[in-house]
Amino acid sequence: MPPEAGAGIAYHQALNPAQLEAVRFGDGPLLVLAGAGSGKTRTLTYRVARLVEEGVDPRSILLLSFTRKASQEMLQRASLLLDARCRDVAGGTFHSFANATLRRYAAVIGFEQGFTIIDRGDAEDLIGIIRKEMDPPGDGRQLPRKSTLATIFSRAVNKQRPLEDVLYDDYGHFSDMVDTITTIREQYTRRKREHHFLDYDDLLIHLHLLLTEYEAVRQRLAAKYRYIMVDEYQDTNPIQADIVSLLADAHHNVMVVGDDAQSIYAFRGADYQNILDFPKRFQGTRIVKLEENYRSLQPILDFTNRLIESADAQYSKCLFTRRHGGLPPVLVMTAGENAQSRYVVREVARLRREGTSLDRMAILFRAGFHAFDLELELNRAGIPFKKVGGFKFTESAHIKDLLAHLRIVAAPDDQLSWRRVLGLIEKIGPKTADRIFAAVRAHSQGAGGLLSAPLKMKNQAKLQPLKDLIGALTDAPEAVARWGELVFSYYLPILRAKYDDHPRRQRDLEQLLAIMARYRHLDDFLSDMVLEPPSTAIEDGLAAAEPTAECLTLSTIHSAKGLEWDTVFILWALDGRFPSMRSMEDPDDLEEERRLMYVAATRAERELHFTCPVQIFDRATQSLLCDPSRFLDGIPENVLRRENYPDW
DNA sequence: TGCGGATCCCTTTTT
DNA sequence: GGGATCCGCA
């Protein structure tokens, strides 16, 4: 490859030598170990542009990344560098890629009539139905709750381990119920088939199956995607790593990018061993390390290097920066949770006065509920914010209600949605709903069957409004927004009767209608609501009023991955919260918590604050939590300053 | 069969 | 503080 083939793009000015090497790398396997803030996205972006510039068909490049937003942003930036051809690159998450591919080959795997993707909540509901039907164990003991069952099943898939082993290792107290639990899983699998449901894990399983069992399909896909790139490879699980290998097997043109020190998804089967083993999977892998950090000032890097030093990460990296100046991070002890919130509010206000935009600050935490108190204080202080992660918009009951009405039209076999829709009508519970569902299904006319199917029940009149709605939906031409409005006007009276806080929920629904207006096909909309749901709770803080105004970001650490801010606050740096009590038994879990703190701290460019509220009572262990996170132990004062919040 | 009330539990992270 | 479950009444 001639060194300056791309005269149009100033590769030399924009990239350092290591980045340049990765960008210019020709065919074959490439592993890029990209430390935090080392220009990973930049490298991927330039490489996409470079390939396209050299004449590679953009549609033959597959870019798998962690969120759709991340891949869209990369392709957008590549388009700016080169031209609009870069938008044709195939990109998305593993799950959305699986969805698109499986829809294309649906007939091959026996889904001639298509399929419905179900989210975690739907999966739990289906498991719940089966669980209820099972005979109780008899010995007076309870079966695991449906959410636990869903976790167990998912873990077995994502770690590719037998159900029995997962039970024995992680749920020892349920291991004597292995037979019943196995039966529940068989039933669950059977019913998903019956109703044409695929859960998150099934998307990966079926894609994997498609690639292993149908050699012709695999060859077609391998021929189509001649360049494969995977971002955040350290967070892939065994199936995902296999999928990458199967796709790349024919040509070995595969570039994976990641950082073993930032692996934080072990709970869903991710194994950072994948990134360590990549060179073994692909003989002759070229390894490039990106070690210059462009994000943070030196004192922050001194701290984060120290934090990760004691971790058992395998690829050693030594991050350095040319950005000097600034103060060491600070650990602030506060007397309880509310003082923590007030400290953050005070500091945010100070920074704002000094000229830092709210957009450039973030508050990060381990779990969604850790920010509840802070949200109250921010509202009180009139500081607009948006919250990312934790509870999702699409998980709230009123959103699910509205979507369920659309789902019975799109997929009349969807028993879960029928139950939900019918259950909203007075005097109809699960039993009656199932009877009506069975009658409609036997009538085999789609959702419209409700209008003509013979029903044996007393209060037929109660069904009339729903019949009218379904009639109107099936009569109207496919116009997603119009259907949304029809359901909305039907549902509004139900919403008002059901919830005291209906004004807030109604605003959420209006937001949902606005999102719907962007879609042309109902199926696409419904799939996206499962695969890429809006990540922020829309009605949070004052941000909703003026979406364009600057606002503070509150985020779980998981959702903050890959992002950066001028100033970052990390809440609850309290031993027992972070790391959490439950992670303390298993050294691997504890290591993951450490990496999580590393990810959080490396988001900061200029200022980094830890807050540690003390004297917190932990109910699980009946103990008082008083010490800062063990990960901060032994870090000298010149690397991490310590302070007390004045109203101590 | 539906539904409201009482009592028990555990309480992360995401596609 | 919210499920899941159980119980008693309509």
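Fair warning: this is a prediction, and the values are worked out from it, not measured in the lab. Throughout, a chain's letter reflects where its sequence line sits, starting with A, and its residues are numbered from 1.
- Atom pair A:R145:CZ and C:dG2:P shows a separation of 14 Å (rounding to whole Å applied).
- By the 30° and 60° cut-offs, the orientation of the rings of A:H370 relative to A:W572 is tilted.
- In this structure, A:K427 places its NZ atom 9 Å from P of B:dG4, rounding to the nearest Å.
- For the 3.5 Å distance criterion, the side chains of A:D414 and A:T116 fail to qualify, holding no donor opposite an acceptor.
- Comparing C:dA4, B:dT15, B:dT1 by their closest approach to the side chain of A:H95 singles out B:dT15.
- Computed from coordinates, the A:R120 CZ to B:dT12 P distance equals 11 Å when rounded to whole Å.
- Atoms CD1 and CG, from A:I275 and A:D259 in turn, are 7.0 Å apart once rounded to the nearest 0.5 Å.
- Residue A:S583 has no polar side-chain atom (N or O) positioned under 4.0 Å from OP1 or OP2 of B:dT12.
- Look at A:S147 and you won't find any side-chain N or O under 4.0 angstrom from OP1 or OP2 of C:dG3.
- Taking 4.5 Å as the limit, some side-chain heavy atom of A:I557 sits within range of a side-chain heavy atom of A:F578.
- Distance CG (A:D125) to P (C:dA4): 8 Å, rounded to an integer number of Å.
- Taking only side-chain atoms of A:F267, from C-beta outward, the nucleotide of B:dG2, B:dT14, B:dT11 with the closest atom is B:dT14.
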Criterion side chain to side chain donor-acceptor pair (under 3.5 Å) on A:T334 and A:Q340, from CA distance to verdict: CA-CA 6 Å; A:T334 72; A:Q340 167 177 258; 5.4 Å; no

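- The nearest whole Å value for the distance from the CG atom in A:L424 to the P atom in B:dG2 is 14 Å.
- Rounded to whole angstrom, the span from the CD1 atom of A:I239 across to the P atom of B:dT14 amounts to 20 Å.
- Distances were taken from every side-chain heavy atom of A:R582 (C-beta onward) to each of B:dT11, B:dT14, B:dT1; the shortest belongs to B:dT11.
- For A:A367, counting side-chain heavy atoms from C-beta on, the closest listed nucleotide (C:dA4, B:dT12, B:dT14) is B:dT12.
- The phosphate of C:dA4 (OP1 or OP2) has a side-chain N or O of A:K146 nearer than 4.0 angstrom.
- Looking at which nucleotide of DNA chain B each of A:G368 and A:K431 is closest to, the 5′-most match is held by A:K431.
- Residue A:R268 has no polar side-chain atom (N or O) positioned under 4.0 Å from OP1 or OP2 of B:dT12.
- Within 4.0 Å (heavy atoms only), A:G128 reaches no atom of the nucleic acid at all.
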Dot-bracket summary - DNA chain C, pairs being Watson-Crick or G-U whose distances fall under 3.5 Å, with | when paired to another strand: .|||||||||

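- Looking at every heavy atom in both residues, A:L247 comes nearest to A:F97 through CD1-CE2, 3.9 Å.
- Stacking annotation: A:Y265 is not stacked on the base of B:dT13 (requires ring centroids less than 5.5 angstrom apart and an interplanar angle below 30 degrees).
- No side-chain N or O of A:R603 forms a donor-acceptor pair with one of A:T304 less than 3.5 Å apart.
- What separates CZ of A:R155 from C1' of B:dT15 is a distance of 16 Å, to the nearest Å.
- Taking the side chain of A:R131 as heavy atoms from C-beta on, and the options B:dT1, B:dT15, C:dA4, the nearest nucleotide is C:dA4.
- Note: A:Y265 and A:F267 have tilted aromatic rings, judged against thresholds of 30 and 60 degrees for the angle between ring planes.
- Nucleic acid contact class of A:T93 (heavy atoms, under 4.0 Å, all strands): sugar-phosphate only.
- Residue A:S559 has a polar side-chain atom (N or O) positioned under 4.0 Å from OP1 or OP2 of B:dT14.
- Rounded to whole Å, atom P of B:dT13 lies 16 Å from atom CE of A:M597.
- Closest contact between the side chain of A:R366 and the listed nucleotides B:dT13, B:dG2, C:dA4 involves B:dT13.
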